[in-house]
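Structure record follows, encoded as structure tokens.
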Amino acid sequence: MTKRDAVAFASGLLFALGLGVAQMTQPAKVLGFLDIAGAWDPSLAFVMLGAIGVHALFVRYAKTLPRPRFAEAFSWPEATGIDARLVAGAALFGIGWGISGFCPGPALVSLVTLSAKTVAFVLAMLAGMAIHRLFVRSNP
């Protein structure tokens, strides 16, 4: 295992632990956050605001560096505009998140439970990713 692989593994493990500690792996917790008209649970807003703050600080720091420590260059997003494709993707993501209470990261972390619902969600997610890939290849 290279240092790059070790850092990637440690980063993924830290992210997974953060998702677990924040209870993002609990669909009921997420659905409680999204249920604004019902029994709204705002606690995930603090998790998201904290994550955005930490991310903003590290992006600001990273932009002062000439290159990443374990790669040749940074991979900053090139697209800056909002188009129909972005809006449609965000809407599909939000609908899926609202229906299931899972988004991809927490769903992958929750696979360790081997819950039938989690496995079904991840299989559906992988199918959706494959369909998207086919769509993008046929509509570049």
Query - Exam field: side chain Arg67 to backbone Ala71, donor-acceptor pair closer than 3.5 Å - result: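 A pair under 3.5 Å: yes.
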
Query - Any donor-acceptor pair under 3.5 Å from Trp40 side chain to Phe33 backbone - result: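 Yes, because the side chain of Trp40 sits within donor-acceptor range (under 3.5 Å) of the backbone of Phe33.
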
According to a 4.5 Å side-chain heavy-atom criterion applied to Ile, Leu, Val, Met, Phe, Trp and Tyr, with indirect links allowed, do [X] and [Y] form part of one hydrophobic cluster?
X	Y	result
Leu134	Met129	no
Val112	Leu114	no
Leu123	Phe121	yes
Val136	Leu92	no
Val122	Val109	no

Query raised in the report: Of all residues at least two apart in sequence or in a different chain, which pass the salt bridge (charged side-chain N to carboxylate O under 4.0 Å, His left out) check with Asp41?
Result: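 For Asp41, the residues satisfying salt bridge (charged side-chain N to carboxylate O under 4.0 Å, His left out) (neighbours in sequence not counted) are Lys29.
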
**Report entry** Atom pair CZ/CG of Phe74 and Leu65 - distance to nearest 0.5 Å
**Finding:**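 These two atoms lie 5.0 Å from each other.
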
Query - Spatial distance of atom CG (Leu17) from atom CG (Leu13) [nearest 0.5 Å] - result: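 Reported value, rounded in 0.5 Å steps: 4.5 Å.
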
Requested in this report: Answer whether the closest heavy-atom distance between the side chains of Leu19 and Phe15 falls below 4.5 Å.
Outcome: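 Side-chain contact under 4.5 Å: yes.
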
Report task. Could you check if a side-chain atom of Met125 sits within less than 4.5 angstrom of a side-chain atom of Leu108, using non-hydrogen atoms only? Result ->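 They are in side-chain contact.
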
Work out which heavy atom in [X] is nearest to a heavy atom in [Y]; give both atom names and the distance.
X	Y	answer
Leu44	Met24	CD2-SD, 3.8 Å
Gly96	Ser100	O-OG, 2.8 Å
Val47	Ala22	CG1-CB, 3.6 Å
Phe93	Pro104	CE1-CD, 3.4 Å
Thr25	Phe102	O-CE2, 3.7 Å

**Report entry** Listed once per pair and sorted, the salt bridge (Lys or Arg N to Asp or Glu O under 4.0 Å) pairs that draw on residues 42-64, sequence neighbours left out
**Finding:**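 For residues 42-64, and leaving out neighbouring residues, there are no salt bridge (Lys or Arg N to Asp or Glu O under 4.0 Å) pairs at all.
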
